J.: 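Take a look at the following structure, please.
All of these numbers come straight from a predicted model, not from anything done at the bench. Side-chain atoms are counted along with the backbone in the values below, which use heavy atoms only and exclude waters and symmetry mates.
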Amino acid sequence: MTNKVEKRRATLINIAYIAVLLGLVYVFFKYCFGIAAPFLLSFFFAVLLQRPLRWLDKKTKNKCHTLWSILLIIFSICIVLVPIILILAMIGREISEFITYLSEQLSDLPTFLVTLENEILNFLDFLPDAIYTSVSDSITNFFSNLINGFDISSIDIDIQSIAGGVTSGISGVYSVVKNMPSVLIGIVIGIVAWIFFTKDYKFIVGFLKKQLPQGKENLLSEIKHVFSDTVLKMFRAYGLIMFITFCELFLGLSILNLIGVMNNSYIFIIAIAIAIFDILPVAGSGGILIPWAIISLVLGNYGQAIGLMVIYVVISIIRQYIEPKIVGTSLGVHPIVTLAGLYFGLKLFGFMGMFIVPICIMTIKAFNDTGRIHLYNSPDRN
């Protein structure tokens, strides 16, 4: 009897501990992450610069540690961050134009629905007259309600307003930053903190280790090790897969444009969007390419439909071949768990939550596997 009571007490304590931990994580990401972001990002960038900084210190026998720290940060800003900002600005302009293009294409949606209705009715023509009459009436009523309820003006206004917002946001970056001193202050403070974190990395990490309870001194090193060996490797691997998928899409769509079966000026943006969509669990590039091919088929653009399906098949085959080789040993997180993480992250923390929550899930999984924490028992796979 005593053992059962003790087990129940231990279970309740563990549940309470997990609930408090999850509550603290929620409060931090909900209310504190934005405030602490400049320092968290600065520390993360400082960690990335430690390896080249140690190499430079070794070559100069630690005589120019501060100078190398500042030069590495300036180099990172000029060579890495500035090009990224320019690329994002270019992509933003392309997205703005693409959204405008989509709004124009949506004006033809009623025509497409009529065409689709006719194709379905023609396909069902083999049915007996009595059944065909009943089915065709239902289909006709369905499409009539769909077309009558379609208000292109309201959609067009929404899309145009989005496009205008994107355009103004890109063209007015300087004015937006100028009118938001807190953003500028955060950037300046982040860069200054980046310098201090990079220069005094050993001292700061040593200080933090001394504040940990006895027996937990290596916790920071373990967190860094787990994060670098699991999460970062996974992101690098899937980033490479995403890049390969983008190249396949860009090349394939360019060929379709070149041979004349497609006429689209937004191949770059479309390839990026599908490559990002392809990396999401359960979704995949087929979630866009297959419906696109079906629409092309219904509209009579058979060459484009065949081309899109060929691209999808090529992407799927190459993905199945390269993913095990690039990713290697996976974290073992089931797709439904990742999908739930994306959904709850979006609902709880907004867009950034779609990245934050899956990272937390992968980190918890890694710590549970190493035995540092024990939140659940891993099931055996047959």
J.: State plainly whether one hydrophobic cluster holds both Ile191 and Leu67, where clusters connect Ile, Leu, Val, Met, Phe, Trp and Tyr through side-chain heavy atoms under 4.5 angstrom apart.
T.: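 Yes.
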
J.: Using modelled atom types and a 3.5 Å cut-off, is there a donor and acceptor pairing between side-chain atoms of His65 and backbone atoms of Lys199?
T.: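 Such a contact is found between His65 side chain and Lys199 backbone.
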
J.: Classify the ring geometry between Phe268 and Phe246 as parallel (under 30°), tilted (30 to 60°) or perpendicular (over 60°).
T.: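 Phe268 and Phe246: perpendicular rings.
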
J.: Decide side chain to side chain contact (heavy atoms under 4.5 Å, CB included) for Leu56 and Leu72; before the verdict, give the C-alpha distance in whole Å, the side-chain angles of both, and the deciding distance to 0.1 Å.
T.: CA-CA 10 Å; Leu56 291 171; Leu72 279 174; 4.1 Å; yes

J.: Is there a path of hydrophobic side-chain contacts, each under 4.5 Å between heavy atoms of I, L, V, M, F, W or Y residues, that connects Leu53 with Phe44?
T.: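 Cluster IDs for Leu53 and Phe44 match.
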
J.: Count the heavy atoms belonging to other residues, nucleotides or ligands that lie under 6.0 Å from CZ of Phe196, then report whether that count exceeds 12.
T.: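 Count not over threshold, so no.
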
J.: Is the shortest distance from a Lys or Arg side-chain nitrogen in Arg319 or Asp278 to a carboxylate oxygen in the other one below 4.0 Å?
T.: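 Yes, this pair counts.
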
J.: Does CH2 in Trp68 sit with more than 12 non-hydrogen atoms of other residues, nucleotides or ligands closer than 6.0 Å?
T.: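 Check fails, neighbour count at 12 or below.
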
J.: Test of understanding: clusters of I, L, V, M, F, W, Y form through side-chain heavy atoms closer than 4.5 Å, transitively. Do Ile290 and Ile270 belong to the same one?
T.: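 Cluster IDs for Ile290 and Ile270 match.
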
J.: Quick one: closest heavy-atom pair of Ile311 and Leu289, and the distance?
T.: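 Of all heavy-atom pairs spanning Ile311 and Leu289, the closest is CG2-CD1, 4.2 Å.
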
J.: Measuring from Leu256:CG to Ile267:CD1, what's the distance to the nearest 0.5 Å?
T.: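 Taking CG in Leu256 and CD1 in Ile267, the distance rounds to 8.0 Å.
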
J.: Sub-3.5 Å donor-acceptor pair from the side chain of Asp200 to the main-chain atoms of Phe203, do we have one?
T.: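 Answer holds: no.
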
J.: Please check this pair: side chain of Asn257 against backbone of Leu253, looking for a donor-acceptor N/O pair closer than 3.5 Å.
T.: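 No; zero donor-acceptor contacts below 3.5 Å.
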
